[in-house]
Amino acid sequence: MLRTHYIPWRSETSLLHLGAWGFYEDVKPATSFSQNIRLLARTDDAFALQFGPTMPIANSLAGGLELFGIWKSAWFLAEGGVRHIKLRDTAPLPSTNMAYAGASGTEKAVSVQTGIFLTGETPNYFAHTGQWATPRILHPMTADGWGGWELAARLDWIDASSLPTGGRAWTATVGVNWYLLSFARIMLNYTHADVTNRTGKYIGSNSGNIIGVRSAVTF
């Protein structure tokens, strides 16, 4: 696996990050392969984008690009990737998935996110590794402050329909994040999801919505 990044612009209040990554893997033999990608805030496995069970993976080759930017208290992130998957020609007996022996296909995915801190914070960025993290809260609750408040939105899209039993889906999320401390936050999100599955409990096109509240402590 390889990852690299370049910073073409950086100032005291803004930066632009460009990144690229890729990996190749040979997969240990198994009896079958399946994948579930939860769409509604990790709450409903029956509504997940589903792939398989099918023949085990023989190998896969993947790559992607990153674009990340900060301007004062606003930020933007876009990432796209593809993963070409080759299924095995053989599987341990008994196997009910032999019809997919030797098949191959490509998963494609795109994620676009943006947000703004209403209380003046900015995401932490580590230039050496090209990674970003939660902000340093200017007025944490432990110092009699009001914490940090952030408005955020995200759009995700994935298409695995070129693979046997693979489906496709997209989600749109808007939310409000309240950072009590730099490492503790409460998130209120609304998500709409649309999924088309060729396997699983719900085959065909389905859509759903969820309003959820989550908390997280990062350490």
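- Of the possible donor and acceptor atoms, one in the side chain of Ser73 sits under 3.5 Å from a partner among the backbone N and O of Glu121.
- To the nearest 0.5 Å, atom OG of residue Ser60 and atom OH of residue Tyr24 are 8.0 Å apart.
- Minimum heavy-atom separation, Ala160 to Glu107: CB-CG, 3.6 Å.
- The two residues Ala127 and Arg10 come nearest to each other via the heavy atoms CB-NH1, 3.2 Å.
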Just do the side-chain contact (heavy atoms from CB on, under 4.5 Å) check on Val27 and Asn59 with the steps written out, would you?
CA-CA 6 Å; Val27 182; Asn59 56 69; 5.8 Å; no
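- Of the possible donor and acceptor atoms, one in the side chain of Thr122 sits under 3.5 Å from a partner among the backbone N and O of Lys72.
- Judged purely by atom type and a 3.5 angstrom limit, Asn189 has no side-chain atom pairing as donor or acceptor with the backbone of Ala152.
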Take Asp194 and Ser207 through the side-chain contact (heavy atoms from CB on, under 4.5 Å) test and state the conclusion after the steps.
CA-CA 4 Å; Asp194 188 281; Ser207 62; 3.8 Å; yes
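- At distances below 3.5 Å, not a single donor-acceptor pair connects side-chain atoms of Arg168 with backbone N or O atoms of Trp157.
- Looking at Asn177, Thr134, Thr119 one by one, the single match for side chain to side chain donor-acceptor pair (under 3.5 Å) with Glu150 turns out to be Asn177.
- The main-chain N or O of Gln50 is never found under 3.5 Å from a side-chain atom of Arg198 such that the two would form a donor-acceptor pair.
- Taking the side chain as every heavy atom from C-beta outward, Ser32 and Asn97 approach each other to under 4.5 Å.
- Under 3.5 Å, the side chains of His17 and Glu66 contain a donor-acceptor pair of N or O atoms.
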Show your working on side-chain contact (heavy atoms from CB on, under 4.5 Å) between Arg3 and Gln131 and close with a plain yes or no.
CA-CA 11 Å; Arg3 180 176 183 266; Gln131 295 175 312; 4.2 Å; yes
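- For Ser111 (side chain) and Asp156 (main-chain N/O), no donor-acceptor pair under 3.5 Å exists by modelled atom type.
- In this structure, Val195 is a member of the same hydrophobic cluster as Ile37, with clusters built from ILVMFWY side-chain heavy atoms closer than 4.5 Å.
- A donor-acceptor pair under 3.5 Å is absent between the side-chain atoms of Ser34 and the main chain of Phe51, judged by distance alone.
- Heavy-atom minimum distance, Leu65 versus Ala20: CD2-CB, 3.9 Å.
- Remark: Arg136 CZ is loosely packed, at most 12 non-hydrogen atoms of other residues, nucleotides or ligands lying under 6.0 Å away.
- Between the CD atom of Glu25 and the CG atom of Leu61 there is a distance of 9.5 Å, given to the nearest 0.5 Å.
- The shortest distance between side-chain heavy atoms of Tyr179 and Pro140 does not fall below 4.5 Å.
- Side chains of Thr199 and Thr165: a donor-acceptor N/O pair is absent below 3.5 angstrom, by distance only.
- Ala172 and Leu155 make their closest contact through CB-CD1, 4.1 Å (heavy atoms, listed as atom of the first residue, atom of the second, distance).
- Formation of a donor-acceptor pair under 3.5 Å by the Ser162 side chain with backbone atoms of Thr106 is found in this model.
- Under the 4.5 Å side-chain contact rule for hydrophobic residues, Trp9 and Tyr125 do not share a cluster.
- Thr54 OG1 to Phe33 CZ: the interatomic distance, rounded to the nearest 0.5 Å, is 9.5 Å.
- Counting only N and O atoms by type, the side chains of Tyr190 and Asn209 include a donor and acceptor under 3.5 Å apart.
- Annotation: the span from Leu16 atom CG to Ile7 atom CD1 amounts to 9.5 Å, rounded to 0.5 Å.
- Residue Leu67 is not grouped with residue Trp21 when hydrophobic side chains (ILVMFWY) are merged at heavy-atom distances under 4.5 angstrom, including chains of intermediate members.
- Leu39 and Leu163 fall into different hydrophobic clusters, defined by Ile, Leu, Val, Met, Phe, Trp and Tyr side-chain heavy atoms under 4.5 Å apart, directly or through other members.
- When ring centroids are compared, Trp132 and Phe68 come within the 6.0 Å threshold.
- Heavy-atom neighbours of Lys108 NZ from other residues, nucleotides or ligands within 6.0 Å: at or below the threshold of 12.
- Although no hydrogens or angles enter the test, the distance criterion places a donor-acceptor pair under 3.5 Å between the side chain of Trp178 and the main chain of Trp146.
- Residue Met55 comes nearest to Ala101 through the heavy atom pair CG-N, 3.6 Å, listed as atom of the first residue, atom of the second, then distance.
- Between the side chains of Thr114 and Trp75, no donor N or O sits under 3.5 Å from an acceptor N or O.
- Checking Asp159 against Ser161 by side-chain atom types alone, a donor-acceptor pair falls below 3.5 Å.
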Any chance you could lay out the side-chain contact (heavy atoms from CB on, under 4.5 Å) test for Val217 and Phe183, step after step, and finish with the verdict?
CA-CA 6 Å; Val217 176; Phe183 56 85; 4.1 Å; yes
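- Expressed to the nearest 0.5 Å, how far CD1 of Ile186 lies from OG of Ser215 amounts to 6.5 Å.
- Neither Tyr100 nor Leu49 shares a network with the other; the hydrophobic side chains, linked directly or stepwise wherever heavy atoms of I, L, V, M, F, W or Y lie under 4.5 Å apart, form separate groups for each.
- The structure places CG of Leu87 at 7.5 Å from OG of Ser104, a figure rounded to the nearest 0.5 Å.
- Between Leu188 and Ile211, the closest heavy-atom pair is CD1-CG2, 4.1 Å.
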